[in-house]
Amino acid sequence: MSAAVPPKEIRRALVLGGGGAVGLSWMAGVVIGLRAAGVDPALAERIVGTSAGAVVGAALAAEVDLNLLLRRPSVDNPEAPPIEFDPNAFGEIMGILSTPGLDPNEARRRAGARALEMTAGADPADHIARIGGFIGHADWPRRDLRITACSVTTGELQVWTPDGKATLPEALAASTSVPGVFPPIPIDGTYYIDGGMRSPINADLAAGAERMLIIEPLAHLFPHSPTDRDLGGAATTFIVPDAGAIAAYGPDLFAASALEPAYEAGHRQGTEAAPAIKEIWPTA
C-alpha cells in the first residue's frame, strides 16, 4: 500500500505580472472588481509580484486601500519628476535582451549596464520615493511576499522578501525599474532593474502551490519565460486583458490618459471573472 501524498505547503498562490502604470491600473481594477464580487485575492498563502505586480502585491499584503494605487503622480505629487517613456530607448533594451545566442543572464547584465548609461542623470531616490508613496510606509508586511528584480552585476534574478536587505520601497523601486525609463536602483552595493526582464510573471516562484491565480497585464505583448513552464503541478487560472482592455491601454504604458480607462476595463473583467474564481478561491 503506497504512502499518502503529503499536502502541499502552499494551497493557493497569487502571481501578479508587470504592466507599467497602465497595467497597474488595470490590475488594481481587476482585484477591486473581484473583491466587490466576493473574491479576495489577498487570501493567498504566497504573493509573487513583478514590476507593477509587485506594487499591487505589496498593497494587498499590507492591507493598503487599492484605490490609492490609482493616484496620478503629476496631480497628487506635482514635485515628482514626470515619467517619460522613450520607445526608442526601450526598444534598444529589448533588442539587447533578445540577442540571438546570448545567455539570458548576460543579456540582462548588458541591458542593465545600458540602462545605467541611459539614465545617468536621474536620481534613483526619486523613483524610490515615487513607488514607495503608493504603499505609504517602509515596513514589510508579515506575509509571504516575494518581489522580483534583476541584478545589473550578474543579470540573475533577485527575490526580495521581508527578511532581505532591501526596504519595501527599495524593493518595489527595483522591481519597477523599467530599463530606459527609470534608473537602476542601488541596494547594498548592487544595482537592480525590473524583474520583468527575466519573466513577465516569474510564476516559478510559486511552483508547488496547489492552485495559482495569475493576473497578467501584458499577456498580449510578452511571451512567458521558460522558467514559467514548470510550476510543480500547480493548477493555474489566468486573468489577462481582453480586447476591450487592450484597446483601453493604448500604445504608451505610462500615459496618464489611459489610467482610468484601463482601470474600468480591469474592474469589468474582475467582476466577470469572479463567479469562476469563487469555485477555486477562499472567499473569507
Side-chain angles (χ1 to χ4, degrees), residues 9-21 23-25 27-28 30-32 34-35 40-73 76-77 79-81 83 122-152 157-178 182-196 201-202 205-206 209 213 215 282 284:
E9 182 177 335
I10 304 170
R11 293 191 61 201
R12 294 173 178 85
L14 175 65
V15 175
L16 302 165
L24 189 156
S25 291
M27 197 161 20
V30 169
V31 174
I32 291 173
L34 287 171
R35 282 179 153 177
D40 189 357
L43 295 177
E45 285 87 11
R46 175 172 295 173
I47 300 175
V48 176
T50 292
S51 200
V55 179
V56 176
L60 287 171
E63 300 181 355
V64 171
D65 182 358
L66 292 190
N67 286 292
L68 296 178
L69 303 184
L70 307 176
R71 294 172 296 177
R72 301 188 182 192
D76 297 306
N77 184 11
E79 297 182 0
I83 299 174
D123 187 351
D126 290 335
H127 188 52
I128 294 172
R130 175 192 290 114
I131 297 300
F134 283 115
I135 306 303
H137 57 80
D139 297 328
W140 282 82
R142 295 187 177 182
R143 295 286 305 277
D144 186 353
L145 172 63
R146 307 196 174 199
I147 293 175
T148 67
C150 294
S151 166
V152 172
L157 177 70
Q158 169 67 47
V159 182
W160 300 112
T161 62
D163 57 358
K165 295 181 179 180
T167 66
L168 183 58
E170 287 174 338
L172 293 175
S175 190
T176 58
S177 178
V178 181
F182 303 113
I185 303 300
I187 300 174
D188 195 36
T190 299
Y191 282 90
Y192 296 92
I193 57 173
D194 193 326
I201 53 176
N202 290 296
L205 297 181
L213 175 60
I215 305 178

| query | So which heavy atom on A174 is nearest to which on W160, and how close? | reply | CB-NE1, 4.1 Å
| message | Are the side chains of V48 and V159 in contact, using a 4.5 Å heavy-atom criterion? | response | no
| task | Rounded to the nearest 0.5 Å, what's the gap from NE2 on H127 to CG on L172? Could you check? | result | 9.0 Å
| query | How many angstroms lie between CG in L34 and CG in L213, if you round to the nearest 0.5 Å? | reply | 7.0 Å
| Between T190 and S151, a side-chain donor and acceptor under 3.5 Å | no
| field | For S51 against D194, the heavy-atom pair lying closest together | value | OG-OD2, 2.9 Å
| query | To the nearest 0.5 Å, how far apart are CZ in R146 and CD1 in I47? | reply | 11.5 Å
| Which distance, rounded to the nearest 0.5 Å, do you find between the OH of Y192 and the CG of L157? | 10.5 Å
| field | Heavy-atom check, side chain of L205 versus side chain of V15, under 4.5 Å | value | no
| message | Walk me through whether N67 and I32 qualify under side-chain contact (heavy atoms from CB on, under 4.5 Å). | response | CA-CA 8 Å; N67 286 292; I32 291 173; 4.0 Å; yes
| request: Of all the heavy-atom pairs spanning L168 and A58, show the shortest one and how long it is. | output: CD1-CB, 4.2 Å
| remark: Heavy atoms of A59 and L66 approach each other most closely as CB-CD2, 3.6 Å
| note | Distance col, row N202:CG vs T50:OG1, nearest 0.5 angstrom, shows 4.0 Å
| query | Side chain of R35, backbone of A42: donor and acceptor closer than 3.5 Å? | reply | no
| remark: Between P169 and I128, the two heavy atoms sitting closest are CB-CG2, 3.9 Å
| message | Quick check: do E170 and D188 have side-chain heavy atoms less than 4.5 Å from each other? | response | no
| query | Do T176 and F134 come within less than 4.5 Å of each other through their side chains, counting heavy atoms only? | reply | no
| said: Run T167 and I187 through side-chain contact (heavy atoms from CB on, under 4.5 Å) and show every step you take. | reply: CA-CA 9 Å; T167 66; I187 300 174; over 6 Å; no
| request: Quick one: closest heavy-atom pair of I131 and A173, and the distance? | output: CG2-N, 4.1 Å
| query | Where the side chain of R143 meets the backbone of A44, is there a donor-acceptor pair that is under 3.5 Å apart? | reply | yes
